Amino acid sequence: MEPKKIIIDTDPGIDDAMAIFLAFKSPEVEVIGLTTIYGNVYTTLATKNALHLLEVAGRTDIPVAEGSHVTLTKATKLRIADFVHGADGLGNQNFPPPKGKPIEQSAAAFLIEQANLYPGKITVVALGPLTNIALAIQLDPAFAKNIGQIVLLGGAFSVNGNVNPATEANIFGDPEAADVVFISGADVVAVGINVTHQAIMTDADRDKLAQSNGKFAQYLCQILEVYFSYHHDAYAMRGVYLHDPTALLVAINPSLFTYTEGVVRVQTSGITRGLTLFDNRQKRFAEITEWTDKPTVKVAVTVDAKAVVKLIMDRLMDS
Ligand SMILES: O=c1[nH]cnc2c1ncn2[C@@H]1O[C@H](CO)[C@@H](O)[C@H]1O
C-alpha cells in the first residue's frame, strides 16, 4: 500500500520531536512537509527547531513552511509553554542554529496548495494551536473538502484541562481557530488529553531508550530531562505524557483507538475559554443550540495504551 501523505503542523517541543522522529520511522506515512506554529515556543523558534530536527534526522529534503505569529483574531499575546520544554523548546541544549531555511510560502498557503494538489489524499497532523489550519479553511473555501483528514492533538473531553481545569493547552492557544476547525466540515479526528494522559513513558522506558543505540533514542534522551522534571513537579509522576507521538499514531494505526462522533464546539470567552464541549446526542434538545446542524467530528475515546507506548518505543529505538 502507498504510504499516507502527511503534513505535520508543529510547535517543537520535546514531544513534537518524538512525533516527527516516529513519523520518519513509520512506513505507513510519508512526511511531505512541516508547518510551524507557536505554542511550546514562538513561531520563529518553532521554525528553527523544525529545521534543526530535519537536519538531525537527515531529512532536509522535507520543506518547512512557517506559520502564523499571531492568533486567528490577530492577538499577539500568546501563551508559550517554555516551562514545559525549556526556553529553546528542546530541553535547553543550546543546539547550533540550523543551516536550512523555511520555504517562501506561509504554512496556510502550503497546506492549501498541497490539498489542491492531492485532493482527499493528505492528512494534516496538527500538534499545536490550530491557527494555520483555521487560516487555510478561511482562505480557501474548498480546503475543508480537499484535505483528506485532520488529526489534531487538542481538547480535554470530559476531563480537566492542563492549562486550567477547563482547557487543554493547544485549544487554549487559539480557541477561535479551534472552533473554526471543529465546525469546518472537514474529516477531523480529535485526540484529547483524556486519551494522551494514558500513554506514559516511564523512567524505566527512558532508561531503555538510553541503552539502545537508536540515533533518535539517543537524541531524545539528551532533550528529555526538562520534560521529565516538569511532569515530576506538575503531576508528581515519574514519567511523561506522550501527547504528540500518540496523536500521530492515529494517522498511522487508527485501530489502536476507539472513537465517538458528534459536534464539538469551543468556548471562546469567560473563565472556561478554550473548553471543548462535545454533544453526546443523548438528548433531543427542544431549542436550537450552538451545536444544532453543525458538522460532526470524531473524538478519540479509548486507547490501547500499552500497544501505543510499545510502538513508540520500538520505533524510536530502531533508528
Ligand atoms: O501547561 C501545560 N501542561 C501540560 N502540557 C502542556 C502545557 N502547556 C503546553 N503543553 C503541551 O501541550 C500539549 C498537550 O496539551 C503537549 O504538546 C504539551 O507538551
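In each ligand, atom 1 is the first atom listed, and ligand 1 is the first ligand listed. Predicted, not measured: the structure shown is a model, and the values here were computed from it.
- A donor-acceptor contact closer than 3.5 angstrom links the side chains of Thr202 and Asp205.
- In this structure, Leu277 belongs to a hydrophobic cluster whose other members, linked by side-chain heavy atoms under 4.5 Å apart, are Val263, Leu275, Trp291.
- Leu78 shares a hydrophobic cluster with Ile37, Tyr38, Tyr42, Ile80; the chain of contacts runs through ILVMFWY side chains whose heavy atoms sit under 4.5 Å apart.
- Taking a heavy-atom cut-off of under 4.0 Å, ligand 1 is surrounded by Asp15, Asn40, Arg79, Ala81, Phe83, Val84, His85, Asn162, Glu168, Ala169, Tyr227, Tyr230, Tyr235, His243, Asp244.
- Defined by atom type and a distance below 3.5 Å, a donor-acceptor pair is missing between the side-chain atoms of Asn162 and Glu168.
- Both tests hold for Arg206 against Phe228: distance to the six-membered ring centre under 6.0 Å, angle to the ring axis within 45°.
- Its side chain within the 4.5 Å cluster rule, Val163 clusters with Phe172 among the Ile, Leu, Val, Met, Phe, Trp and Tyr residues.
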